[in-house]
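As structure tokens, the structure follows; a few thoughts come after it.
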Amino acid sequence: MDGPPHRLRRTDLPADTATLARFLIGKTLVHDHPAGRMSGRIVETEAYVVGDAAGHAFRGQTPRNRSLFLERGHAYVYFIYGCWHALNVSGESVGIGAGVLLRALEPLEGVELMQGRRGVERCVDIARGPGRLASAMDIDRRYDGIDLCRRGPLWLGSATRAVGRVGCSARIGISREIERKLRFFERDNAFVSGPRRPRTARSSR
DNA sequence: AGTGCGATTGACT
DNA sequence: GTCAATCGCACTA
């Protein structure tokens, strides 16, 4: 558990997409970049499951979303709002469109590199949010479709330390399937982008 | 061929 | 809290 991350194998990844999203909390995302290694602890994810009306695969496969239909453990990188990229890990198996959006990282290695790319002072602002995460890690459509479980510059690693309690809530910023609780996060972790506790009757008043 | 909008962010009131 | 930025894609026709 403790120590440098080792590459996750595809057989380590749960086939079920919601289970995968939960599984990835505490794991490591590593980018072996020309400028140096950048890595971070995954602290927030969202599952976009089979048949999910909020998922990009809902209307079937297109050139844009085809990576979601690859075997689990591939990167799906999309471009949104004209300025941001976001990284997903494909789920399920070949031909099934589902994936996990990586929403926030706790920076581990290459902190100064990522800080420089983002132009921020505070460590918590480096990768808190999917667009910031991709920007900090220099991830764009060039990485769309690559296998995160094979030798390559971008990969998933094991947890580097014990994982805290994992919370679950509704997903952020979607207009459909809003009742589903498919967002996962390490509770009380300052690097999480949104609410760090499920809403309760008390807290929403 | 034209239109509307999105799994967001940062600047501003 | 509000809102513009800015692009590709799905959808309509």
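Letters A, B, ... are given to chains in the order of the sequence lines, protein chains preceding strands, and every chain is numbered from 1.
The shortest distance between the side-chain N/O atoms of A/R59 and the OP1/OP2 oxygens of C/dC11 is below 4.0 Å. In terms of phosphate contacts, A/R103 brings a side-chain nitrogen or oxygen within less than 4.0 Å of OP1 or OP2 of B/dT8. In terms of phosphate contacts, A/T62 brings a side-chain nitrogen or oxygen within less than 4.0 Å of OP1 or OP2 of C/dA10.
A/N88 comes within contact range of at least one nucleobase, with a heavy-atom separation under 4.0 Å. If you check every strand for non-hydrogen atoms under 4.0 Å, A/R118 touches sugar and phosphate atoms only. Here A/R171 lies out of heavy-atom contact (under 4.0 Å) with every strand.
The aromatic ring of A/Y48 sits over the base of B/dA7, with ring centres less than 5.5 Å apart and planes tilted by under 30°.
When the C1' atom is compared between C/dG1 and B/dA7, the two are found 22 Å apart, to the nearest whole Å.
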Protein N or O to nucleotides 3-7 of chain C N or O, pairs below 3.5 Å:
| unit_1 | atom_1 | unit_2 | atom_2 | d |
| --- | --- | --- | --- | --- |
| C/dT6 | O2 | A/Y81 | O | 2.3 |

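Taking the six-membered ring for Trp and the full ring otherwise, the centers of A/H31 and A/Y143 sit less than 6.0 Å from each other.
Alongside A/I96, the hydrophobic cluster contains A/V50 (criterion: ILVMFWY side chains under 4.5 Å).
Of the possible polar contacts, none joining the A/T19 side chain to the A/P14 backbone as a donor-acceptor pair under 3.5 Å is found.
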Secondary-structure string, 5' to 3', Watson-Crick or G-U under 3.5 Å, | for another-strand partners, for DNA chain C: |||||.||||||.

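Nearest nucleotide to the side chain of A/R132, out of B/dA7, C/dC9, B/dT9: B/dT9.
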